[in-house]
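One structure is given here, and the rest of the page talks about it.
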Amino acid sequence: MKKLNQRAWLFVTPVLLLVAFNALIPMMTVVNYSVQETFGDNLFFWQGIDWFEQVLTSERFHKALGRQFLFTFLILIIEVPLGVAIALAMPRQGFWVPFCLVTMALPMLIPWNVVGAMWNIFTLPDIGLLGYFMNHTLGISYDMTQNPLAAWVTIVIMDVWHWTSLVVLLAYAGLVSIPNAYYQAAEIDGASNWAVFRYIQLPKMKTVLTIAILLRFMDSFNIYTEPFVLTGGGPGNSTTLLSIDLVKIALGQFDLGPAAAMSLIYFAITLLASWLFYTLMTMNDNKS
Amino acid sequence: MLGWMAWTWPTALLFVGIFTAIGVLILLEVRYPGGQARNGVLGLTTTRGDRLFITLLGSAFIFFAWLGLMGPPLWWPLAISIGWGTFCFWKV
């Protein structure tokens, strides 16, 4: 048997150390916080599982979790088909390719808090371009600072505006990697556009789309900055997503114990959903 | 040095347990390479590491579910988790 070269482990060590310091050690501290009560001064008192019980049975947590799932569901169901459609419509060669790619990449270059501030100003009913147009020109009542539905529409559209590009670029990368021979074969067989999409383009895009959905799931499930800057979780609590609620508990109320318990539950849900999704998408690959 | 991390004995033991399990996996991997991959009852191809991961994540959810739906004490979910771990390493 050929002896495996184990030197690769050496090269991974710096990354492992980095992850240990920026993820693992803080995470262990969060676990420690989650079973204790503190009033500051680095003094801690044993509390056991009380915080976990409090979070798991609290209506506030259930509602924030429900809003979080709704938000992630909405943006995935819009961004993925829309992204694929745009990628299909983009030219694959010629003068317009760089133009399309740069235009698509632009929203992703803008920092999250700037996106939130932009959309806030854009949609304010009296001074924002969109808000003024809707309220005063079209006469449709639209105020994301007062109306929960308007707030939801705004945060969903904002996320679609910001992140559909990611799906587009990944799907486009999958599309351009398909050799021309496939299309020629389809043409000879007289395949319809739908058949070409279903049996050539979609299977070839599956890997990149898996990554795209996974990234969008994790990002949207952990989203904080954009809705925080746009609505601050309001009106009322209608757009208080999990991370916004978490920061309110941890920093607003300085309840580090319950916040730690909540973040561990939050983390477990993200981990389970990502694992389930990835496993289901790649399950059949291993067999063939 | 570790004062800021607010360690307690139970949480320390939890991590010692997890890292010990990972250490055992490394030793097993050195002794029997390949991760003992197999197709389990769930239709997944899993290695020893996957089975440990599924055991730990599943146990976390068993405890969360019990705490949220039934409340303490937690002896029952402990028993269920041990059963789940046994099932994972045996069949999954």
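FYI, side chains are in, hydrogens and waters are out, and symmetry mates aren't considered; it's all heavy atoms of this structure. Just so we're clear, the structure is a prediction, and the values are computed from it rather than from any experiment. Chain letters run A, B, ... following the sequence lines, proteins first and then strands; every chain starts at 1.
Residue contact with chain A, scored on non-hydrogen atoms closer than 4.5 Å, involves the backbone and the side chain of Phe64(B) alike. Both the backbone and the side chain of Val31(A) come within contact range of chain B, with heavy atoms under 4.5 Å apart. With a threshold of 4.5 angstrom between heavy atoms, Leu43(A) does not approach chain B through any atom at all. With a threshold of 4.5 angstrom between heavy atoms, Leu69(B) does not approach chain A through any atom at all. With a threshold of 4.5 angstrom between heavy atoms, Tyr33(A) approaches chain B through side-chain atoms but not through N, CA, C or O. Contact annotation for Leu276(A): neither backbone nor side-chain heavy atoms come within less than 4.5 Å of a heavy atom of chain B.
More than 12 non-hydrogen atoms from other residues, nucleotides or ligands lie less than 6.0 angstrom from OH of Tyr224(A). Residue Trp76(B) qualifies as open at atom CH2: its count of foreign heavy atoms under 6.0 Å is 12 or below. Dense packing is recorded around NZ of Lys248(A), with more than 12 heavy atoms of other residues, nucleotides or ligands lying under 6.0 Å away. More than 12 heavy atoms of other residues, nucleotides or ligands shown are found within 6.0 angstrom of CZ on Phe197(A). In the displayed structure, Glu59(A) atom CD is contacted under 6.0 Å by at most 12 heavy atoms of other residues, nucleotides or ligands. No more than 12 heavy-atom neighbours from other residues, nucleotides or ligands sit within 6.0 angstrom of OH on Tyr199(A). In Trp7(B), the CH2 atom is crowded: over 12 heavy atoms of neighbouring residues, nucleotides or ligands sit closer than 6.0 Å.
Remark: Ile269(A) CD1 to Leu57(B) CG distance equals 10.5 Å, nearest 0.5 Å. To the nearest 0.5 Å, atoms CG (Leu67(B)) and CD1 (Ile49(A)) are separated by 5.0 Å. We find the CG-CG distance between Leu280(A) and Leu44(B) to be 8.0 Å, quoted to the nearest 0.5 Å. Taken to the nearest 0.5 Å, the CD1 atom of Ile54(B) stands 7.0 Å off from the OG1 atom of Thr279(A).
Side-chain contact between Trp275(A) and Phe53(B) is present, with at least one heavy-atom pair separated by less than 4.5 Å. Under the 4.5 Å side-chain criterion, counting only non-hydrogen atoms from C-beta, Phe44(A) is not in contact with Thr8(B).
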**Report entry** Audit row: Trp4(B), Thr29(A), side-chain contact (heavy atoms from CB on, under 4.5 Å) steps and yes/no
**Finding:** CA-CA 8 Å; Trp4(B) 65 273; Thr29(A) 313; 3.5 Å; yes
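The main-chain N or O of Ala6(B) is found under 3.5 Å from a side-chain atom of Gln36(A) such that the two form a donor-acceptor pair.
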